[in-house]
Structure formats: structure tokens, C-alpha cells
Amino acid sequence: MTNETILRIDASARRTGSVSREIGDSVLAAHPDATVVTRDLAVTPLSQIDETWVGANFTPASDRTAEQVEALALSDALVAELQAADTIVLGLPIYNFGVPAGLKAWIDLVARAGVTFRYTETGPVGLLTGKKVIVAYASGGTPLGADYDFASGYLRHVFGFLGIADIAFVTADDLASAA
């Protein structure tokens with residue numbers, strides 16, 4: 001695809017020796033002409049949402065105070081990156097059977113009613129359609145799809161909720177067993 005924009009999100013706390021980052025590198029190598037925007041959650045950790053953020057998020061944009069606008073500034077930037085992307089490459093290490101806290105913070109900051117999804121009489125509708133997610137899934141002992149894999153189903157649900165149904169997993173799982 002020409003002029004493809006890829007949003008790469010690295011969720012591993014490890015900057016060196018990270019299998020999920022290596023998988024992400026391999027995925028990007030297959031897209032040499034893409035424009036890549038990188039969001040490294042280890043290099044630039046994200047803050048958790050708080051009461052000020054929640055209040056700002058549920059205040060109509062035209063009624064927000066300067067403090068509320070500032071509270072949503074990072075969230076707005078993350079949403080803009082996501083909206084501009086054709087493909088999201090997500091480097092996902094499995095920590096304690098689930099997603100890292102930094103990735104959960106990113107999800108909380110981009111899942112916004114009226115912005116990335118909306119509520120209707122028949123239920124929520126995702127507003128980020130036409131995008132693809134490639135998850136670089138790495139785990140020492142949690143195989144993809146295992147009963148105790150709480151990450152892959154969660155990500156399928158969250159991205160589906162946002163309107164992204166095209167999700168693929170590239171895995172290096174159960175790595176501790178191979179050692």
C-alpha cells in the first residue's frame with residue numbers, strides 16, 4: 001500500500017532484548033515505504049486518567065476550561081495518531097497474563113465517547129473503521145489463546161469496540177518452555 005501510515009506502539013518495559021520489539025521490527029520490515037509514527041511507552045510513559053481528565057472528557061469541547069483542555073492534550077495527541085494510522089503495529093509483551101500497565105493507560109486515553117466510539121440506541125459503535133492492527137505477541141509462558149491469556153481477547157474486544165475488527169497476531173509465545 002503506498003502512502004501507508006503505521007502507528008507503532010511498543011509496550012515492553014525492556015528497550016533491549018525485547019522479543020515483542022523484535023517482532024515489531026520484522027513486521028515493519030515488510031512495509032519499507034510506510035510512514036511510521038512510533039509511540040514507545042517505555043521511553044515516554046503515559047499518565048493514568050484521573051478525576052480532572054474524566055471531568056474534561058465528559059464536558060463538551062466548547063465548554064471546557066483551559067485546565068480541562070490541558071488535561072486532555074495528551075489524549076487528543078494519542079487519538080490523532082490513532083486516527084491518522086492505517087495500520088497499528090502493537091508490540092505486546094505479556095505481563096502476568098495480561099497487557100502491561102502502560103498499554104492499559106494508552107487504551108484509557110484513546111477510548112473516548114464521541115471521539116473514537118459513540119453510543120447509539122442499539123449500543124456502542126466504533127469510529128475507527130478501515131484500520132488494521134498487527135499484534136507482536138511475546139510471552140514467556142502464556143500461549144496465545146490459552147484460558148489464562150487475558151491479553152489477546154481483551155485487545156480484540158477493545159479494538160473492536162473502537163471499530164477495528166481486522167486484528168492479526170504474530171506470536172513468540174511460551175518462550176520460557178523453549179529455554
Side-chain angles (χ1 to χ4, degrees), residues 4-32 34-50 52-54 57 70-112 115-116 128 131-146 148-159 161-162 164 167-179:
E4 178 182 22
T5 299
I6 295 175
L7 172 59
R8 177 181 183 159
I9 302 166
D10 283 307
S12 177
R14 297 171 63 195
R15 291 188 230 166
T16 59
S18 166
V19 174
S20 64
R21 289 174 188 271
E22 291 173 15
I23 297 169
D25 291 343
S26 296
V27 170
L28 290 178
H31 302 267
T35 299
V36 179
V37 174
T38 300
R39 176 65 61 176
D40 191 326
L41 303 178
V43 172
T44 308
L46 302 176
S47 58
Q48 303 291 316
I49 61 173
D50 60 15
T52 301
W53 186 95
V54 172
N57 188 45
E70 178 62 27
L72 291 178
L74 174 60
S75 176
D76 289 340
L78 297 173
V79 167
E81 290 174 352
L82 188 55
Q83 290 171 329
D86 301 301
T87 301
I88 297 91
V89 174
L90 174 59
L92 176 69
I94 302 304
Y95 293 165
N96 302 313
F97 314 106
V99 301
L103 180 58
K104 176 63 168 79
W106 180 86
I107 290 167
D108 288 344
L109 289 165
V110 300
R112 290 178 53 191
V115 180
T116 56
L128 299 175
K131 299 177 184 306
K132 177 177 183 154
V133 175
I134 301 170
V135 180
Y137 181 104
S139 170
T142 304
L144 180 72
Y148 47 92
D149 163 20
F150 302 114
S152 65
Y154 171 70
L155 288 178
R156 286 183 200 280
H157 179 79
V158 165
F159 283 113
F161 184 81
L162 298 178
I164 306 170
I167 303 172
F169 287 80
V170 180
T171 63
D173 55 3
D174 210 15
L175 293 170
S177 297

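Counting begins at 1 with the first residue of the sequence.
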### Task
Mind running side chain to side chain contact (heavy atoms under 4.5 Å, CB included) on L103 and L155 for me, showing each step along the way?
CA-CA 10 Å; L103 180 58; L155 288 178; 4.2 Å; yes
### Task
List the steps, then state whether side chain to side chain contact (heavy atoms under 4.5 Å, CB included) holds for L90 with F159.
CA-CA 12 Å; L90 174 59; F159 283 113; 4.1 Å; yes
### Query
Yes or no on side chain to side chain contact (heavy atoms under 4.5 Å, CB included) for Q83 and L128, after CA distance, side-chain angles and deciding distance?
CA-CA 7 Å; Q83 290 171 329; L128 299 175; 3.8 Å; yes
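Closest approach of L109 and S47 over heavy atoms only: CD1-O, 3.7 Å. V19 and A172 make their closest contact through CG1-CB, 3.7 Å (heavy atoms, listed as atom of the first residue, atom of the second, distance). Across all their heavy atoms, D108 and K104 have their closest contact at OD1-NZ, 2.6 Å. Taking each heavy atom of T52 and A71 in turn, the nearest pair found is CG2-CB, 3.8 Å. Residue A151 comes nearest to L92 through the heavy atom pair CB-CD2, 4.1 Å, listed as atom of the first residue, atom of the second, then distance.
Taking CD1 from I134 and NE2 from H31, the interatomic distance works out to 4.5 Å, rounded to the nearest 0.5 Å. The CD1 atom of I94 sits 11.0 Å away from the CZ atom of F150 when rounded to the nearest 0.5 Å. Once rounded to the nearest 0.5 Å, the distance linking NE2 of H157 with CG of L162 reads 9.0 Å. Between atom CG of residue L7 and atom OG1 of residue T35 there is a gap of 12.5 Å, rounded to the nearest 0.5 Å. K131 NZ to T87 OG1: the interatomic distance, rounded to the nearest 0.5 Å, is 9.0 Å.
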Anything under 3.5 Å between a donor and an acceptor, one on a side chain of residues 136-146, the other on a protein residue two or more places apart or in another chain? List them.
{"residue": "Y137", "atom": "OH", "partner": "T142", "partner atom": "O", "Å": "3.0"}
{"residue": "Y137", "atom": "OH", "partner": "D149", "partner atom": "OD1", "Å": "3.3"}
{"residue": "S139", "atom": "OG", "partner": "G141", "partner atom": "N", "Å": "3.2"}
{"residue": "S139", "atom": "OG", "partner": "T142", "partner atom": "N", "Å": "2.6"}
{"residue": "S139", "atom": "OG", "partner": "T142", "partner atom": "O", "Å": "3.2"}

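Remark: N96 CG is loosely packed, at most 12 non-hydrogen atoms of other residues, nucleotides or ligands lying under 6.0 Å away.
Residue I9 is tested with V135, L41, L78, V89 for a side chain to side chain contact (heavy atoms under 4.5 Å, CB included); the sole match is L41.
Checked for salt-bridge contact, R21 and D25 miss the test: no charged N lies under 4.0 Å from a carboxylate O.
Between the S12 side chain and the P93 main chain, no donor and acceptor come within less than 3.5 Å of each other.
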